[in-house]
Each structure stands twice: as C-alpha cells, then as structure tokens.
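See below for the structure under consideration.
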Amino acid sequence: MPSVLPLGDPAPSDGLLPQQAADGAAERAFGLYVHIPFCAVRCGYCDFNTYTATELGGGASQDAYASTAISEVEFAARALEQSGLPARKLRTVFFGGGTPTLLPAEDLARILRAAIDTWGIEPGAEVTTEANPDSVTPESLQLLADAGFTRVSFGMQSAVPHVLKVLDRTHTPSRVPQVVKWAREAGLAVSLDLIYGTPGESIDDWRFSLETALSYGPDHISAYALIIEDGTKLAAQIRRGEVPEIDDDDHADKYELADRMISDAGLHWYEVSNWSATPEQACRHNLAYWRGDDWWGIGPGAHSHVGGVRWWNVKHPTAYAGRLGSGVSPAAGRETLDAETRRVERVMLEARLASGLAVSTLSDDGRHAVAGLIADGLVVPADAFRGRLVLTLKGRLLADAVVRRILPD
Amino acid sequence: MSPMARTAPVPAATDPAIIRNFCIIAHIDHGKSTLADRMLQYTGVVQSRDMKAQYLDRMDIERERGITIKSQAVRMPWDVDGVSYALNMIDTPGHVDFTYEVSRSLAACEGAVLLVDAAQGIEAQTLANLYLAMENNLTIIPVLNKIDLPAAQPEKYAVELASLIGGDPDDVLRVSGKTGMGVEVLLDKIVRDLPAPVGDPDAPARAMIFDSVYDTYRGVVTYVRVVDGMLHPRERIQMMSTRATHELLEIGVSSPEPTPSKGLGVGEVGYLITGVKDVRLSKVGDTVTNLAKPAADSLPGYADAKPMVFSGLYPLDGTDYPVLRDALEKLMLNDAALVYEPETSAALGFGFRVGFLGLLHLEITRERLEREYNLDLISTAPNVEYEVTLEDKKVVHVTNPSEYPSGKIAEVREPMVSATILAPNEFVGAIMELCQSRRGVMGGMDYLSEDRVEIRYRLPLAEIVFDFFDILKSKTRGYGSLDWKADGEQVADLVKVDIMLQGEQVDAFSAITHRDKAYAYGVMMTGKLRELIPRQQFEVPIQAAIGSRIIARESIRAIRKDVLAKCYGGDISRKRKLLEKQKEGKKRMKMVGRVEVPQEAFIAALTTEESKDKAKK
C-alpha cells in the first residue's frame, strides 16, 4: 500500500460501522487482508508501509507481530458483529507486505488459523501469501500449505541482474525456478510478479525476463510498470540524475510485448496488470477489490472496505500495536461513500477488468462517450454492443484516460 | 540668490507679465521628481520640515493609487529683483505612448526645462519631446542634473545639449536635485529667460485642457491653461469639440493642495471641477469657453486619441468576464485613450478587443487590471489596424486577424511610424540590421556627440509592437533608447497566417504578417505549440497555413500510456481522488475541436519576450 494515507473522517475508537455497511452484506463476499510490515531490506522503489527487522520493538516487533495481528482479528469480528453485520465465512485471504515470509511460516499459519477459527472459511477458498524467493524453504512452503494456504506469489521482478540491482532486490535469479518447484511440490498454485520499465532495462532485458518467467510455467503473472513514488530512494536517484528517467513510451512498448508473450504462452489477461492460465486461477482476492466486495485489512496502514465504508489503520507498527493493546480501533481515518462516489469507483475499477463494466453503470453523457472510444480503438466494439465496456490492448494502456472520458461530469 | 516670495501673486488677479509657465522634459529616471520637490521646497509651497511628511507620503499614495491624485500643475511664487512672480510647473506624462498628451502639456507652456542626467546623456524619448517643444516655439533651458554623482560627465553632455538646441555649453545649468545645488539659480533663470504668456483679457474665454483625471471623490478634475479672457466659478462653460456644457462648480490652482480661486485669467494655469464622471467629457486638447459669451474659434491642435495597438483580453477563468467588464469600465473613466468592445474567441471564450496608444499603454493597462482587480488575463498578440480594400472596392478595417477578409483582396495598407533611436555609435550596425529586418527605411543619422548617434527610421508599426524594443535593448546592451510617432501608412504585401490543430483553426494564434515573414511565423508558432500542448490520445497535427496552403507543420505524437499499473485495496481512495483532481484539471483546459489545450499553453504561446520586460521607454 502507498505510503501516504488518504485524508478522511475520524474513525470511532470502537470500530463500529454505520448502518450502510451492513446493508446487503449477506450477498457480498468477505475477505481478509493481512499486512506484514517487515522486509529484510527496503527496496529503492518501494513506498509501502514496511520496516526492516531492527527498526521496531515492543508489540510491534517481528516476534510479537502475529499476536498483535490476531488481536485485530478478534477486534474485527467483534466490531462487525456489533455493527449488525451477518456472520460470513472467509472467501479469500491474502497475506501481503512487506515480506510476509520474513515471519516464521508458523506465525503466518497461526494468524490464518485464528482468522479461520473466528469466521470460518468457505470450501475452495483462496489463501495467498506473497513471498520473496530468498525467504522460503521446501519446509516452510509445506507448512503453509498444510495450514490452508493455496497460493503463493513470488516477487521475481526481473531475471536480469543489473535490473534487480537498480531495484535493490537481493535474490539471485537462479533461485526462482527452485522455489517455484518447491511450491508446486507443496501443492501451492504459483504466481510470479514482474516489474518492467526499470531505469536501464532494455527491451531485450524485459523480453528475457518474460521468457524466463514463462519458462517456469506459472499459473498466474502480474506485470507492473515501475512507478516512481515520491520519497523513495529511486525518486531521489532520478532527481539527482544518477539513474535515467522512466519513459511512458518505453512502458507502452514493454506492456505490449508482455501481453503478446504472456498470451502466446497460454495465459489470459483479466485485469490491466494481471494474467492467469485459467479463469479459476485469477486472483479472486484482488478481484474482490475491483468488484467492491467486503474485506477487512489487518495490520498497520492496512485498508478495509465494508459496504461503501473505507478505512485505514495507523501506519506505524508501534502505534498500531499500542492501540490494539488498549482495546482501541487502530483505524486512523475513514470515509463513507455516497451512491455516486460508489458508482465512480465501480466505473474506475471495473473498467480495468477483462470482464468489463456494464455500460448501464454510466450516465447518459458517459454512454455517449463510448462511441468515441470505439472509434479511437480503445474499447472492443462487439462487447460494447452487448452492453459491456471492455478495453482493447490500446485501451488498457490508456485506461485512466478512458475512465475520465466515461465519467465526464 | 533670490529670496522666497514675500507675498505671492493672487490667482485671478495676476498680471500675465509676472506669470511663467514651464514644464520639465526628462527621461524617467533622470531626476525630475526630485528636482520638482526641491523647487516646491525652495519656493515655500511645501515647508522644509514638512517635505518628507507631506510630499513624499503623497508620492506613496500616488504609487498605490496610480496617477489619479497627482498634481498636474503646481503654482509656485518666486521673487526676482523685488518682484513676486507666479511660476506654473506643468507635468508631462512620462511614457512613450502619450506623445499627444505631452504635446498638449507643452502647448500650455512658454518654456521647458530640458533635464538630463549628467551621467547618462539624453535619451530618445527626451529628444523627441525636446523636438516637440522646439516645434511649439518653447524657450528651452538646458539643465544637467545629478552633478553630485561621481559618474557625472557634465562637460561631455553640456556639449551634447548645446549642439542639440544651439548655444554655448557654458550656458547649460548644472544642478543637483538631491542636494539642491543650482536650483535657486534655475528658478531665477526661469523667470528671466522664459517669456510671459500673452493673451487678450477682454476676448471671450478660451482655455486649453492639457490633462483630465478622474478622482473618486470629486469626479473629473480638468487641468487648463487660460489663453484668452477669464473663467469664473458658477458660470456655465462649454467644451468646444463636443459642445457639451457644464456648470463650473469649482475653479482654482494647485499649490500643491487644490485651492479654490475667484477665477483664472490670461496665462494662468489651474483646475476645473464640473461634476462629470467620465474623462471623455473633458478631453485633452479641447478648448473650454464661456457658454454665455463663447469664443468663435477653438484653440489649434485638438485631436482625438487614436488607438494604435489592439489586443484581445480574456479572463483565464471564464466566470471572471463580468469582473473584467466592470474593471474596463472603471479604467475608462480615467483613461480617455482606452477603447474596447466585446469579442468572442472560439479558443479563449468571451473577452474584449482593447485598443491602446501603444505597447506600453497595453502593458500598464493589463498590469492594472491584474493587480487592482485581481484578474488573471490572457492577452492575444498585439495587432495594429489594417485597412483592407477588397476587389469590389469595399474597405474593411481589421484589428483582429480573425476578422481578416477571406475574399479577393485588392490592397492592404498598414500604419507606419517614424522611429528615433539613440545609442552609442558602436551599435549603429546592429541597429541598422534590426531595423532593416523589420522592413524599416532609414531616414537619416546624426551624431549627438562624438560617440552617440541619433538614427531615424520609418517602420511599419506592426514590426515594432511585438518584440522590437526588447531586441533593441539586448543588441545595444541596454544603452539604446527608442521613441516613435505615427507616420501615415503604406501599402504592403501582407497575408494572414492561420494555425490549425487537427484541422481546427485556432483564432487566437492567427497573425497578419508580411508575406516574407509568414513562413518564419508558421514555423515558430507550430514549433512552440508542439512543445506546449501535452500529448493526447491521438496524434495531433499542427499546421500553419495561408488560406488553404500549408506552409509549416508539426505533429504531437499520441500518448500511448495513461494507466496506473497497480490499483489494489489500499490504492482505491487515492486513485479516486487523483481522478477527481484530473477532472478538475480538465475543466481548466480549453477544447480546440477534440484537442485539450491547457491555458498555460495559450499564455506561453502568446507571451513574447517583451512582455517579460516591463520596459520604461
């Protein structure tokens, strides 16, 4: 999650939600996000809410973190129940970071077990953890699988050493095929994360990274254009001229290459930056974000959404642990979305999906803009005639511009 | 040394023989205000101990409020050889666009103090005003100021002044407004050398208006010089050009506070208040007479202010249009030279086409609008007025390129100016090069001193309104000075160059240029726009065309990527807020066809170097 929290309304200390959150909740899926705010080193491009091992102490330390997180699980269950929400089993769980696998696998398993004990879990639920290729072993992966994890997403980023170096990634590329193999042996589905457009990365470097990743036969690939976030080491390096600026045209070339190569390998795009081997292997937890389902985010800086109410926890692990320790909601702020804002979010998010956006979601002016989008080659005509707005390859690269055109007011 | 006057002559009962009317001709920073202050102090009009408290504080207010409360003429008593004289010091407008107003101020005087900085020598505008004074048969008293400065070269510049007006360099007075040195000698010399005004006290009253300013509290204050007869309070007066009549509510002299009098007689200088609210009803150069006993002929030299340079003024924020309209209305009250009419631009929305006396007038007005009325304005490239004759003999006057007729054109005439440039002689080559590139024809060249020259050119006005002064300054390392006046018109081979974005003509960027320069304009403007307009979702061709003929083209490549790669649970609020911000930004875009053009691009494309330099010419 980005380092800057949004401005919002104050959140109540009991964590209770307004009535709106409960309306229609029985029909919505419920998921859990668990943020693990630790990394072995901080990468130069990363502005996520994460800390290296030596930075923290007390209830915020790595040792105590699982217990602290579990105390928010308990807090969440109580707040949801007292806010009048029905009991719902977990459909998806996602452990992200940071580097979740920096915690002992047993800690991750313990948090998951606590969540399952609290809410229960649907049959066939998806349980994912992000992992750094450096911080897993066959044993740890097996332990996770045994605890109920179904999926692991490795931060591979690139197969090219000089690119990994700019990104401050410490793993050796040759370790990736090994960890993929171990994960498969443990029965876990495998996703690989890639980053393109790193300063100094040539188109051939990127092609090599794609070829390499695809050669491991992943079930799922996420490929992200590098975003230079303010305040990161990489942003400072670019400002000082130590590394070249990133170039949107280069990003566009690399996205097109990625889409072609990944598609040729038999995977299908289902969101702007995500491809899966089969529709079932799409990340259902992420789809829940884009489809406006409910989730509770555990951990410092984590965001939650329940029925049009969004909130976000305090960022610092020590403040976070302190709040929970005294029985107070760790939320730093929240916002309650009105119907129009929820519609805007829906347009903004669903337009990014291969399943597309129902054209009926749009206002009259928005609908009128669709013909122009077809004319400009940004929207698939056949889907538009069936009432779905689905982006073409060119449209995916201009998705934000498309969204502005279909939200003209 | 003359003593301060013991008994000042009384207004309305002053013998013309003891009146001296003079003005000070000086360049903007050559020390006119300081010298005037010193005169006020030495003549006892302002007490020494009040000098700072009274007069300088007034200056601050003037700076705050523009020129509206400025004393346009001050009456000062001064004794020479036991006789008390009345000296009227008449102010002259300080910048190049107001030649006509300067000529009227000069016409109100019998003499002029030619004040020149002893460290800098004469400047072009001062020289032009000197020539104007000499044409009006004024007696000239040459004075070098700032002789206390270490950099002063009084010998050198005394020779320069003497050669300009004829006479002996030793007769050039040397003063320091700062220390007061030589000021009393100057006052004596004004009394001794300047002729007294001459007029017929028994003839019907005739007074010439040399300035007219709007005051929030008193309405229009009109400054006059009485030539014949006498004006009295409470009588009805008539403006001879407009035949408008007014009651004379108050008449008096400034000394320096406005002081009502029983009237103004032959040769006297003072102010009139009639209660009118618009300076257009009291025009500079007009003759005031008595309605009951009117004069047969008005005084010579009256002319209507004629705008020379036109520019479209548009509020950046369209909702400010009413504010701009009201602001122009208010400015007009105090600026008889300002003319405007509403105008619509496809690219810029609603605004006004405003006519100015010159570029500096444009800039001062624009600055006042922005500062005093808190407006953000876009001004289109300045234009002159063209007279276009069509083949069917129909004549069209064009002040805006978008009005340029598209039919068959028989002839286009453009306004011309005669320009005077003064500079050190080492820059002559550079100046000639510049003027020739601006289609100038040399009129002559004279040496003012051994190393300073006066160069005269006849140039199309259109060629000097854009960036001429700026380039002149940079080519002469700041030493060159410029003055110009209207000088007829000429037939020229002019064309309109249109700029098109994706085939849509953008009226704000059209220009009328000489055929030989059309290509350069097209290349410059298309290149500039390519840099300024952000990439769109489609390729945008930018073309420059004369009629249907394309003379230059550029293109803005389509943007290929506009998507945030990551959008997960924690990004949604931030992403939505970014979207809202982008939509706000889009509202500030001007649409040209389908092309979104940021207002900054319009401003930057229309900004020339010269508007960055608030030149005091």
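Lettering of chains follows the sequences in order, A, B, ..., and the numbering in each one begins at 1. Scope of the values below: all heavy atoms of this structure, side chains included, with no hydrogens, waters or symmetry mates.
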Inset, instruction - With salt bridge (Lys or Arg N to Asp or Glu O under 4.0 Å) as the test, would you mind laying out the steps for B:R560 and A:E256 before giving the verdict? - result: CA-CA 11 Å; B:R560 292 177 53 208; A:E256 286 172 0; 3.3 Å; yes

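- No other option in A:K394, A:R352, A:H251, A:H305 has as many heavy-atom pairs under 4.5 Å with chain B as A:R352.
- Contact annotation for A:N274: only side-chain heavy atoms (C-beta onward) come within less than 4.5 Å of a heavy atom of chain B.
- Using a 4.5 Å cut-off between heavy atoms, A:R396 touches chain B through its backbone atoms (N, CA, C, O) alone.
- Judged by distance alone, the side chain of A:S273 and the main-chain N or O of B:K566 form no donor-acceptor pair under 3.5 Å.
- Each of B:V563, B:D562, B:L579 was scored for a side chain to side chain contact (heavy atoms under 4.5 Å, CB included) with A:V403, with one residue passing: B:L579.
- For the options B:C567, B:A565, B:A558, heavy-atom pairs under 4.5 Å to chain A are most numerous at B:A565.
- By number of non-hydrogen pairs under 4.5 angstrom with chain B, the leading residue of A:D376, A:V344, A:I227 is A:D376.
- With respect to chain A, the highest number of heavy-atom pairs below 4.5 Å among B:E580, B:R557, B:Q537, B:K586 belongs to B:Q537.
- Chain B forms the most heavy-atom pairs under 4.5 Å with one residue out of A:R404, A:R310, A:E271, A:R405, and that residue is A:R404.
- The candidate with the highest count of non-hydrogen atom pairs below 4.5 Å against chain B, out of A:L349, A:L398, A:D248, is A:L398.
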Legend entry - From CA spacing to verdict: salt bridge (Lys or Arg N to Asp or Glu O under 4.0 Å), A:E229, B:R574: CA-CA 13 Å; A:E229 300 282 0; B:R574 183 167 82 147; 3.4 Å; yes

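- A pairwise comparison of heavy atoms in A:E335 and B:S573 identifies OE2-OG, 2.6 Å as the closest pair.
- Annotation: B:F350, atom CZ; neighbour count of heavy atoms from other residues, nucleotides and ligands within 6.0 Å does not exceed 12.
- Interface remark: of the candidates A:W290, A:W295, A:Y255, A:Y224, A:Y224 forms the most heavy-atom pairs closer than 4.5 Å to chain B.
- For B:R553, the CZ atom sits in a loose shell: 12 or fewer heavy atoms of surrounding residues, nucleotides or ligands are nearer than 6.0 Å.
- Separating the SG atom in A:C283 from the OH atom in B:Y568 is a distance of 7.5 Å, to the nearest 0.5 Å.
- Enclosure of atom CD in A:E245 is not indicated, since only 12 or fewer non-hydrogen atoms of other residues, nucleotides or ligands lie within 6.0 angstrom.
- Ranked by heavy-atom pairs under 4.5 Å with chain B, the list A:T341, A:N286, A:D249 is led by A:D249.
- The shortest heavy-atom contact between B:K583 and A:L407 is CE-O, 3.0 Å.
- Counting heavy-atom neighbours within 6.0 Å of B:N374 CG, excluding the residue itself, gives a total of 12 or less.
- In this structure, chain B has no heavy atom under 4.5 Å from any part of A:L226.
- Within a 6.0 Å radius of CZ in B:R594, other residues, nucleotides and ligands contribute more than 12 heavy atoms.
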Legend entry - Candidate pair B:I572 and A:H303, rule side-chain contact (heavy atoms from CB on, under 4.5 Å), full reasoning: CA-CA 9 Å; B:I572 296 169; A:H303 285 240; over 6 Å; no

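- Contact of B:L578 with chain A is not made at all, since no heavy-atom distance falls under 4.5 Å.
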